[in-house]
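Throughout, a chain's letter reflects where its sequence line sits, starting with A, and its residues are numbered from 1. Since the model is a prediction, treat every value here as computed from it, not as a measurement.
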Number of protein chains: 2
Amino acid sequence: MVTLAEVAQHAGVSASTVSYVLSGKRSISTTTRQRVEQSIRELGYHPNAGARALASSRSNIIALMVPLRTDMYVPVMMEIAIAVATTARTHGYDVLLLTGEEGPDAVRRVTGSGLADAMILMDVELDDERLPLLRGTDQPSVLIGLPADTSGLTCVDLDFRATGALCVEHLAMLGHRDIAVIGEAPAVYERHTGFAERTLDGLRSRAQELGVRLLHRPCEGGYDAMAVTLARILDERPGTTGFVVQNESAVEPLLALLRQQGRAVPEDVSVVAICPDQVATQASVRLTSVAIPAQEMGRNAVERLVAKLDGRGSDEVVLITPELTVRASTGPVPA
Amino acid sequence: MVTLAEVAQHAGVSASTVSYVLSGKRSISTTTRQRVEQSIRELGYHPNAGARALASSRSNIIALMVPLRTDMYVPVMMEIAIAVATTARTHGYDVLLLTGEEGPDAVRRVTGSGLADAMILMDVELDDERLPLLRGTDQPSVLIGLPADTSGLTCVDLDFRATGALCVEHLAMLGHRDIAVIGEAPAVYERHTGFAERTLDGLRSRAQELGVRLLHRPCEGGYDAMAVTLARILDERPGTTGFVVQNESAVEPLLALLRQQGRAVPEDVSVVAICPDQVATQASVRLTSVAIPAQEMGRNAVERLVAKLDGRGSDEVVLITPELTVRASTGPVPA
DNA sequence: AGTCGATGTCGAAGCGCTTCGACAGCCTAT
DNA sequence: ATAGGCTGTCGAAGCGCTTCGACATCGACT
């Protein structure tokens with residue numbers, strides 16, 4: 001293992017000079033800098049991470065806590081995680097992957113040991129038990145998702161309320177007066193992750209404003225559950241012509257069932273999905289959808305975090321404005 | 001930040017004694033140990049990761065390189081990553097998430113800086129440019145996937161050749177003589193990730209042994225591509241009654257198209273999928289499938305790696321035996 | 001000519017931990 | 001009774017880096 005001292009000797013300067021070349025914290029003459037850089041290259045020097053962390057009390061590592069659960073939104077989570085990792089690298093940080101398994105202990109461990117300089121939490125619940133810990137430490141953190149009380153926290157999330165409103169608006173504009181909402185699995189609402197409720201809020205209040213009737217039904221993914229749910233909906237509101245789906249694994253079953261029942265999309269019924277673009281474009285009908293901007297969320301979270309680490313930036317809630325893309329699954333209500 | 005020295009003072013012992021209590025590397029009397037442990041608890045002490053890494057030249061971190069690409073097999077990747085993270089924790093390791101973006105440089109950086117003690121590489125290509133680096137370092141590593149030359153490397157993967165054979169056997173046993181294979185996207189074959197070719201090998205050789213005709217067609221995911229591919233297949237081999245699908249995003253389109261054409265599954269045609277169990281059970285027809293054991297692969301990789309780190313274990317290739325689960329998508333060939 | 005502020009470099013003091021050798025005390029075997 | 005071996009504890013030396021204050025050099029002012 002090549003050390004700083006060896007580089008220094010090779011370049012004929014002192015260790016501190018090499019350190020300053022590396023960090024740029026003091027000015028170094030061009031000739032010296034070049035000589036040092038040359039030595040670094042020749043010797044294949046890489047600073048030792050542990051020593052650096054010890055001396056500077058900075059590990060240059062960001063911890064990312066992902067949910068343990070792999071039953072929901074996996075591609076979204078993965079996309080966020082990858083966006084976090086790549087964005088972090090552009091700022092000189094590496095990413096430590098923590099699972100939700102350890103719960104609050106993981107937060108204690110990481111902050112206590114100086115393993116990471118900061119953390120990003122995904123899948124935050126409304127009343128998450130990790131929040132008090134985050135508030136009680138001076139280690140910067142960013143949440144992806146919105147808890148009930150955001151005071152003293154920085155959060156990044158899609159504006160799900162606006163998302164709900166946007167979906168209703170689009171359908172209402174096309175003349176739909178009876179709209180059914182296929183929601184997440186009941187467990188999601190019970191877990192109080194918040195985003196589902198916020199979407200529903202947005203849907204409901206905009207529906208009321210526009211005089212549109214709304215029926216909301218949570219739904220497990222898969223064909224059987226969707227079949228039951230759809231039957232119930234059409235039984236209660238036979239005049240339903242618009243659907244809003246917020247459950248990736250219910251999208252395809254819904255389309256299949258509608259097809260099977262002879263209801264054409266978009267001629268007879270319209271479907272708006274809230275899902276990643278990839279799902280929307282790969283479905284059997286190209287879906288009008290509001291995208292879940294996974295990449296943007298990940299990138300944004302890292303950027304806020306880095307800002308905090310640099311002493312810039314402050315606590316705030318960033319709600320990403322939803323965008324609805326019209327594709328082939330929505331059209332005017334049938335005459 | 002509480003330090004070792006503070007704990008030592010609080011417990012009335014020397015710093016080294018506390019260290020030995022923590023590591024267990026020397027015997028400590030019960031009374032002393034308890035006193036120290038008590039102090040640790042009272043003060044809420046967490047050893048500083050950087051100092052530890054510096055002094056011991058062990059970071060207790062495992063690096064995991066995931067592919068940057070998020071177009072294929074995302075849930076599988078995520079499941080592996082999570083299995084790696086949780087298994088690593090049970091052995092006292094944390095996981096550093098690296099994306100494929102940096103390529104070989106990431107390997108240099110991590111081994112050079114002592115950031116991680118070992119690494120796991122996913123999505124290894126047949127002739128991966130990172131392999132020489134791994135062979136040239138004494139840092140342990142495990143690959144998930146199989147390169148062309150495995151000498152000096154430890155690899156964990158599903159036995160895709162046996163997987164292919166298993167699929168053919170199952171269909172042949174049910175009387176199918178004309179089998180079509182819906183493969184991965186052409187890009188996957190071009191990238192030489194190996195698993196697709198190995199599956200094909202297994203399929204072909206077993207088909208030949210059993211006197212079954214095989215037609216292989218790569219296929220992009222999605223409905224349009226699948227429609228084209230299916231039409232071609234049925235055009236060339238109208239008597240095809242069995243399908244093997246190795247492309248998650250082609251599964252549902254295939255089922256929909258077959259349904260649409262009035263071909264009942266499993267009465268008229270049988271479908272075997274190579275996919276995670278979750279996909280198989282959530283499809284519109286519960287699919288007979290060979291599971292991709294993501295969890296097991298992740299767990300296994302970590303366990304081999306830890307064994308190497310402990311000086312046990314050696315280079316070897318672990319091929320996980322595939323298991324075919326019969327569900328509702330395969331049946332005897334129609335009379 | 002003498003002073004002052006830049007500018008560039010160096011030495012040394014840690015950062016918090018692990019680990020080695022030393023050693024005091026005690027038990028067992030001669 | 002004494003040598004020898006355990007057991008439990010300690011002190012001190014680093015691990016490789018950052019960073020602070022010191023200092024020499026030099027050009028630009030008065």
Side-chain angles (χ1 to χ4, degrees), chain A residues 1-37 39-40 43-61 92 94 109-117 309, chain B residues 1-37 39-40 43-61 92 94 109-117 309:
Chain A
M1 213 76 309
V2 188
T3 69
L4 227 213
E6 294 173 299
V7 174
Q9 190 173 11
H10 186 273
V13 298
S14 75
S16 47
T17 301
V18 178
S19 179
Y20 287 123
V21 167
L22 249 27
S23 69
K25 293 192 179 175
R26 286 207 181 168
S27 52
I28 298 287
S29 70
T30 317
T31 60
T32 306
R33 188 203 328 291
Q34 284 174 348
R35 204 142 35 84
V36 170
E37 281 166 352
S39 297
I40 289 177
L43 301 176
Y45 168 72
H46 285 271
N48 180 84
R52 204 163 230 203
L54 176 58
S56 66
S57 331
R58 291 288 232 102
S59 63
N60 286 301
I61 288 180
D94 272 296
R109 195 165 59 84
V110 168
T111 56
S113 67
L115 233 188
D117 296 332
L309 284 164
Chain B
M1 213 75 311
V2 189
T3 69
L4 227 215
E6 293 174 300
V7 174
Q9 190 173 9
H10 185 272
V13 297
S14 76
S16 46
T17 301
V18 177
S19 178
Y20 286 124
V21 167
L22 250 29
S23 68
K25 293 193 178 175
R26 286 206 181 170
S27 53
I28 298 287
S29 69
T30 317
T31 60
T32 306
R33 185 197 338 285
Q34 285 173 348
R35 205 144 33 87
V36 171
E37 282 167 352
S39 297
I40 289 177
L43 301 178
Y45 168 70
H46 284 271
N48 180 82
R52 206 164 229 202
L54 176 57
S56 67
S57 335
R58 292 286 233 104
S59 64
N60 286 301
I61 288 180
D94 272 296
R109 195 164 59 84
V110 168
T111 57
S113 67
L115 233 188
D117 297 331
L309 284 165

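Between A/Leu22 and A/Ile40 the shortest side-chain heavy-atom distance falls below 4.5 Å. When side chains are defined from C-beta on, B/Met1 does not count as touching B/Asn48, because their heavy atoms never get closer than 4.5 Å.
The nearest whole Å value for the distance from the CD atom in B/Gln9 to the P atom in D/dC10 is 13 Å. We find that CD of B/Gln34 is positioned 15 Å from C1' of D/dG8, with the value rounded to whole Å.
For B/Arg109, the salt bridge (Lys or Arg N to Asp or Glu O under 4.0 Å) partners are A/Asp94, B/Glu102, not counting sequence neighbours. With sequence neighbours left out, the side-chain contact (heavy atoms from CB on, under 4.5 Å) criterion links A/Gln9 to no other residue. For B/Leu4, the side-chain contact (heavy atoms from CB on, under 4.5 Å) partners at least two apart in sequence or on another chain are B/Ala15, B/Val18, B/Ser19, B/Tyr45.
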query = How does each nucleotide of nucleotides 11-18 of chain D score, in 5' to 3' order, for protein heavy atoms under 4.0 Å: base (B), sugar-phosphate only (S), or none (-)?
reply = B--BBBBB

ask   = According to the Watson-Crick and G-U wobble definition with distances under 3.5 Å, which dot-bracket string, read 5' to 3', encodes DNA chain C, using [ ] for crossing pairs and | for pairs with another strand?
value = ||||||||||||||||||||||||||||||

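Taking each heavy atom of A/Asn60 and A/Asp117 in turn, the nearest pair found is N-OD2, 2.7 Å. Between B/His46 and A/Ser113, the shortest heavy-atom distance links the atoms CB-N, 3.9 Å. When all heavy atoms of A/Ile28 and A/Val21 are compared, the closest pair comes out as CG2-CG2, 3.9 Å. Closest approach of A/Leu54 to B/Gly50, counting heavy atoms only: CB-C, 4.3 Å.
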message = Pair A/Val13, A/Arg35 - check side chain to side chain contact (heavy atoms under 4.5 Å, CB included), show working.
response = CA-CA 9 Å; A/Val13 298; A/Arg35 204 142 35 84; 4.1 Å; yes

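Look at B/Thr17 and you'll find a side-chain N or O under 4.0 angstrom from OP1 or OP2 of D/dC10.
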Could you go over nucleotides 22-28 of chain C and give all protein N or O partners under 3.5 Å, atom names and distances?
residue, atom, partner, partner atom, Å
C/dA22, N6, B/Arg26, NH1, 3.4

